[in-house]
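Just below is one structure, and these are the notes that go with it.
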Amino acid sequence: MRGITEQFLCDLIRFPSLPGNEQQAVEYAGRRFAELGEVEQIPLSNALREDKDYSDPVPGIEYEGRSNLRLRVAGTGGGRSLLFNTHLDVVPASPGQDQAFEPRVSVNRVYGRGACDAKGQVATLFTALSAIERLGVKLNGDVLAHLVVEEEVGGNGTLAMVRRGEQADACIVMEPTDMRILSSVRGAVWFRITCTGRAGHSGSGGTVSALKMAIRTIEILEQYHARLLAGSRGIPLFDQFTNPMPITFGKLAAGVWPATTPASASLEGVLGLLPNKTHQAVAEEMREAIRDGADEWLRDHFKLEFMYRHDAHVLDPGHPLVKGLEACCRETGTSGEVSAMTASCDSWFYSNQLRIPTVVFGPGSLRFAHSNEEQIGLDESAAAATILVRFLAEWCGGGRP
Ligand SMILES: [Zn+2]
């Protein structure tokens with residue numbers, strides 16, 4: 001099994017499938033998964049940009065000529081269906097990550113961009129479904145998979161799949177979770193705040209620094225975050241974390257000259273949210289917090305936009321999806337800990353929009369994702385594939401050669 005995973009994963013890593021450039025990886029995966037079931041390339045279109053849940057952190061990205069993949073391994077009938085989702089796009093190489101798209105295998109671990117996030121997930125799923133095929137197992141229920149693009153920029157690939165509608169009795173979104181079953185997942189909003197000031201010479205007086213306004217905005221939002229966090233305590237599974245929903249200010253740009261007061265400043269960041277709030281409520285509260293932040297100038301001189309908005313979601317840990325997966329983990333010597341995800345991912349589309357019971361699960365560790373040492377253990381991937389084979393037999397029924 002390990003040989004299949006390693007080869008498939010290394011092949012996938014060699015495609016530099018940054019958002020907008022995934023098509024070769026999509027076609028390769030499509031050819032390989034066609035060995036196991038019916039594969040359709042689902043074309044994307046620029047009309048996606050009109051969707052209310054469209055994320056646009058990369059302006060002007062084109063959709064013509066690009067596609068997602070949908071896989072269906074038809075069951076013999078009468079069983080429950082299971083839908084998988086994972087993604088083929090990756091983030092750019094990190095500083096210090098040489099040859100990010102040239103896979104390296106060392107001591108049973110594969111290194112390279114996408115090794116765990118999420119090409120290692122795609123390879124794990126491929127390995128599990130290959131094992132079922134080789135064992136001659138006929139499942140009763142359908143196995144479906146959405147292998148998507150643009151997860152890293154807010155889930156536009158998954159959005160396109162969800163808008164076509166899909167029916168399934170449960171969904172597993174594969175991301176690196178250290179094999180924990182994440183039945184609660186937080187949401188997030190990516191925001192851009194543009195502050196305007198009154199530009200002028202440093203000696204002229206009467207100027208208002210947009211840069212200072214942006215810094216004031218950071219203070220106001222830090223205070224808002226503290227209130228939001230305090231009001232979000234006591235939610236099961238999230239409460240073990242000191243701050244399951246941080247605010248991060250990732251970009252600040254202002255000014256052109258040391259002795260000129262800047263006219264404009266742009267501040268970008270991300271704020272997490274838990275299931276006690278919708279993304280709409282958080283967006284409105286952020287706007288109010290800045291408006292009421294006791295700065296007369298700022299009140300009328302800021303613009304707040306959202307590039308990405310995901311709600312949180314919760315599945316009862318007693319649901320058969322969670323219980324069944326947990327049992328399969330335990331049987332194979334993995335703890336199967338049920339926990340909460342303190343990041344957001346595409347799972348909310350299935351849970352909240354299609355009402356499919358959904359968890360996030362997969363081999364590999366989030367701490368290596370997006371890092372200059374991204375990697376996955378082949379043993380861990382093999383363990384996850386074994387868990388998925390058992391769970392598929394259990395969930396979809398049949399399972400006898
Ligand atoms: Zn990622």
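Indexing begins at 1, ligand by ligand and atom by atom, following the structure's order.
A ring-centre distance under 6.0 Å is found for Tyr350 and His146.
For a distance bound of 2.8 Å, the N, O or S atoms of Glu152 include one lying that close to the Zn ion (ligand 1). Metal site remark for the Zn ion (ligand 1): His370 contributes an N, O or S atom at a distance under 2.8 Å. Taking 2.8 Å as the threshold, Glu175 does not count as a candidate ligand of the Zn ion (ligand 1), since none of its N, O or S atoms lies below it.
A salt bridge links Arg216 and Glu219; the closest N-O separation between the charged side-chain nitrogens and carboxylate oxygens is under 4.0 Å.
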(message) Let's go through Ser55 and Arg309 carefully: what are the C-alpha distance in whole Å and the side-chain angles of both, what is the deciding distance for side chain to side chain donor-acceptor pair (under 3.5 Å) to 0.1 Å, and is it a yes or a no?
(response) CA-CA 7 Å; Ser55 302; Arg309 325 148 203 81; 5.2 Å; no

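Looking only at its N/O/S atoms, Asp117 has OD2 as the one nearest to the Zn ion (ligand 1).
With contacts defined as side-chain heavy-atom distances shorter than 4.5 Å, the pair Val322/Asp316 does not qualify.
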